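Data block below; observations after.
A quick note: this is a predicted structure, and the numbers were derived from the prediction, not measured.
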Amino acid sequence: MQDEQRIEEQKRVDRVMRLIREQLGKLLQNSSGMREDIVDIRKNFWDDVTLNFEDASEAAESAASLKQQAEVLAEREHSHRHASQQVKLLRKLEQTPYFGRVDFIENGSSEEERIYLGVGSMLDESGSNYLIYDWRAPVSSLYYDYSPGPASYVTPAGSIEGRMTLKRQYVIRRGQIEGMFDTGVTIGDELLQEVLGKHSDAQMKSIVATIQREQNQIIRNERARLLIVQGAAGSGKTSAALQRVAYLLYRYRGSLQADQIVLFSPNPMFNSYVATVLPELGEQNMQQTTYQQYLEHRIGQSFALEDPFAQMEYTLGSMEDPDYETRIASIRHKSGASFMKVIERYVDTLGESGLLFKAIKFRGRKLIAAEAIEEHFYSLDKSFTIPNRFKMTADWLLKELTRLSKEERKKQWVEDEMELLDKEAYIHAFNELNRKERYTSDSFDDFDREKDVLATMIVQERFKRLRSRVKKLRFVDTQTLYLRLYENEQAPWLVEESRLEWEAIRKLTVEQLKHGILTYEDATPYLYMKDLIEGFQTNTSVRHLFIDEAQDYSPFQFYYLKRVFPMAKMTALGDLNQSIFAHAALGNGFDPLGELYSKEETETIVLTRSYRSTKPIVEFTSRMIEGGSRIVPFNRDGDEPTVTAVANESELHGMIAERIRRLQEEGANSIAVICKTAEESLTAYEALERNCPGMRLIEKETVTFENGTVVIPSYLAKGVEFDAVILYNASSDVYGRESERKLFYTACTRAMHELHLYYLLEPTPFLTEAISKK
């Protein structure tokens, strides 16, 4: 029965693909002709227009001729744009013509309608029947809002009610159905779609029902202000979240735009990876960024800003540094929510005294001294907040600059520049003044007036930068203010329990800041202090905030994001077993999130079933971590992970190169050699690339995800999956500390089908445990 259905469905796909290619061919041909017409019209525009202004009648005819020619050009350009958009859509449909189907019988009708959904609409040969409906069309809401049974959708003419008899999903690539299955809710993970499309036994249907319920809870949740999704590696957290984005965009299509949804992802490459996961999003993809990109946007010009991966490299490979323990203590101290209170108490003291200002300088001279700015600021009513007093101070400074600009016009440098002005500058000044109706052409002939006007123009142009700096509050020395937070040995803003480690942390931080370095753990506290002083740059337009790999965010960062996006509902996705950053030792998991919202506003969903990896890989990796027995493997067979001892590095590289060659011959599309650090990755890459053509080295700057063979540091592989994973060196001297257990687990769980581990001398104890518990 299923084979017959698959054959029937494939015939339909073949028909649709044939029509897509026919339409694409015609459009490309017509589009080429339109482009030539547009070029020709533009080239000969004035030759084809009759211009004669001898009298009113001729002028009217000339205007009509000009209007007609302009309309012809506009019509051709509009047609060409429309054709180009259609070509773009058909190119997408050529890859995946549709991804879903709903069978629906309207009440009072005996005829069942089959509704196929894709990224855009497409009509049949007659031009009267839809072969594919756009996923945003009213009828498509059946697919998102209902399971088989009673269903309805709203049209401009009113509500259409009836019964859904079938809901089906497809995996279609290059015109071939690679998977199809009947379902109750939409499944957004391609790997899961393929598995479901290839099995139909009773056990599989039972598992599918469970997965549907879990995903449905995430996708359709509209009540919670905070939705926490704690899921095992490979449990489909990200896929369900992206499906949630598509659902929200559909459900609230009249009031929610794609740019009102922001996804914070772990690294730039991950942005590229997830951008291809959901075909339903089409061109309406949400805003994607990383927390580091946000930091660089806000403070990148002020400091040499360390990124989280540089911090990770330090914590993983700099144990010999005499300041190592102090730095780890500093990371934990500054990541906690309690340090927010320290910053707040410090800023409170600045309301009375201690703020630092920069003089307003021009051409090497002080126009307004820092002391004058300080005096004005502290003369303002202290009942006003610090940001409000800064706004008032900026207004005062702008008035002062207006006054000083008048004095500046009389300086010799202005006259010197006036002599260098060209004819165009004079004409520009004259035209501008005429436009503003301040002078007439007669008055401009007066030499003194001319000189005054040109002097005003020159000074205003030079003062633009000063005014801009004042408006951006650049007269506040926030960098030195943050340094003062640590230079003060008394530190009255500290709580007593913080003083034990403070002295060492204080000295280390002062040294870093004096070298212009802002460490990753200092970035959020600095930005928080800056915003408390200058005013928060809140974004009230964002309605949904998605945080992937949320276990890697510190409590301080969670609090800060909530402050920056006050109107947004938050969806946090993570796995506490993959907490690999130093502040994770705070041991509070997602607890800080629970403090941001009330219990009534918060919902937590736990996903325990892992279906990324084969059953042998899931069972193997779950033995490495505490509570691993609660992870339920998806019943997908595969080879057992291999563990291989090697005598030396030469043998290690030879065996890995041979393994890669075999995996490629067996058809693996994506192979990852996962190393612990960037330094180890570079070593492995240089040793392997000669024997592994096409191999790529993934670095923190890598922004695109592509299939193939890669060498990648463990922390950059988070959230990404590969057909096969080769763990480069699982020796005890590489992964020996307890704090590295979750990093090792994370690296191993990137494998979907095959996992191969190599070690020199002695294996990591995490590997020994996994083998002994079998």
Side-chain angles (χ1 to χ4, degrees), residues 267-270 272-273 309-310 312-313 316-317 580 613 617 620-621 639-736 740 743-764 766-767:
N267 55 61
M269 185 184 72
F270 188 78
S272 166
Y273 173 70
F309 309 119
M312 176 67 70
E313 284 287 327
L316 293 177
I580 62 175
S613 309
I617 291 175
F620 177 79
T621 54
D639 296 332
E640 289 284 340
T642 66
V643 179
T644 307
V646 293
N648 51 54
E649 286 192 351
S650 176
E651 185 181 356
L652 171 69
H653 297 142
M655 294 188 78
I656 290 178
E658 175 60 21
R659 175 70 69 181
I660 291 171
R661 186 187 63 76
R662 289 213 304 270
L663 288 168
Q664 289 172 337
E665 286 177 354
E666 291 165 7
N669 290 319
S670 57
I671 304 167
V673 179
I674 299 184
C675 303
K676 181 181 177 184
T677 62
E679 184 181 355
E680 188 181 68
S681 296
L682 181 60
T683 301
Y685 175 74
E686 289 175 345
L688 294 168
E689 65 166 332
R690 291 186 299 275
N691 298 315
C692 303
M695 174 180 275
R696 294 169 61 226
L697 175 65
I698 302 298
E699 300 171 283
K700 63 185 179 183
E701 295 85 8
T702 303
V703 294
T704 56
F705 176 84
E706 297 173 10
N707 280 335
T709 303
V710 300
V711 180
I712 185 170
S714 53
Y715 49 83
L716 286 182
K718 280 171 64 67
V720 186
E721 56 197 26
F722 304 92
D723 288 336
V725 163
I726 297 168
L727 204 80
Y728 178 71
N729 190 349
S731 305
S732 60
D733 61 336
V734 178
Y735 296 94
E740 294 165 341
L743 181 71
F744 185 73
Y745 167 78
T746 300
C748 292
T749 54
R750 302 305 94 201
M752 291 194 289
H753 307 298
E754 293 193 41
L755 173 62
H756 305 283
L757 303 97
Y758 296 85
Y759 69 90
L760 291 149
L761 301 177
E762 185 182 346
T764 169
F766 318 136
L767 189 52

- Query: How many angstroms lie between CD in Glu754 and CZ in Arg662, if you round to the nearest 0.5 Å?
  - Reply: 9.0 Å
- Task: Considering non-hydrogen atoms only, spot the tightest contact between Ile674 and Ser714 and give its length.
- Result: CG2-CA, 3.8 Å
- Message: Checking the side chain of Thr764 only, and the main-chain atoms of Tyr735 only, is there a donor and an acceptor separated by less than 3.5 Å?
- Response: yes
- Task: Please work out which of the three classes, parallel, tilted or perpendicular, describes the rings of Phe766 and Phe744, given edges at 30° and 60°.
- Result: tilted
- Message: Set out, in order, the CA-CA distance, both residues' side-chain angles and the distance that settles side-chain contact (heavy atoms from CB on, under 4.5 Å) for Leu663 and Ile726, then state yes or no.
- Response: CA-CA 11 Å; Leu663 288 168; Ile726 297 168; 4.2 Å; yes
- Between Arg661 and Glu658, is the closest basic N to carboxylate O distance under 4.0 Å? yes
- Please round to the nearest 0.5 Å and tell me the distance separating atom CE of Met312 and atom NZ of Lys676. 10.5 Å
- Item | Side-chain heavy atoms of Val725 within contact of Ile617, under 4.5 Å | no
- Query: Do Met695 and Val711 have side-chain heavy atoms sitting under 4.5 Å apart?
  - Reply: yes
- Query: To the nearest 0.5 Å, what is the distance between OG1 (Thr642) and CG (Leu757)?
  - Reply: 6.5 Å
- Message: With a 4.5 Å cut-off on side-chain heavy atoms, are Ser681 and Leu697 touching?
- Response: yes
- Task: Would you give the length of the straight line joining atom OH of Tyr758 to atom CD1 of Ile656, rounded to the nearest 0.5 angstrom?
- Result: 6.0 Å
- Shortest non-hydrogen separation from Ser613 to Thr749 and the atoms involved: OG-O, 4.0 Å
- Query: Can Phe620 and Leu767 be said to form a side-chain contact (heavy atoms from CB on, under 4.5 Å), step by step?
  - Reply: CA-CA 9 Å; Phe620 177 79; Leu767 189 52; 3.4 Å; yes
- Message: Using modelled atom types and a 3.5 Å cut-off, is there a donor and acceptor pairing between side-chain atoms of Ser670 and backbone atoms of Asp723?
- Response: yes
- Task: Working to the nearest 0.5 Å, report the span between OG1 of Thr746 and CD of Glu740.
- Result: 12.0 Å
- Message: To check you understand the geometry: which heavy-atom pair defines the closest contact between Tyr728 and His653, and what is its length?
- Response: OH-NE2, 2.7 Å
- Rounded to the nearest 0.5 Å, what's the gap from CG on Leu716 to CD1 on Ile698? Could you check? 8.5 Å
- Hey, does Phe722 have a side-chain heavy atom less than 4.5 Å from the side chain of Ile671? no
- For Glu313 and Glu679, the nearest pair of non-hydrogen atoms, with its separation, is OE1-N, 4.1 Å
- Mind running side-chain contact (heavy atoms from CB on, under 4.5 Å) on Ile712 and Val720 for me, showing each step along the way? CA-CA 11 Å; Ile712 185 170; Val720 186; 6.0 Å; no
- Query: Is there a donor-acceptor pair closer than 3.5 Å between any side-chain N or O of Ser731 and the backbone N or O of Val734?
  - Reply: no
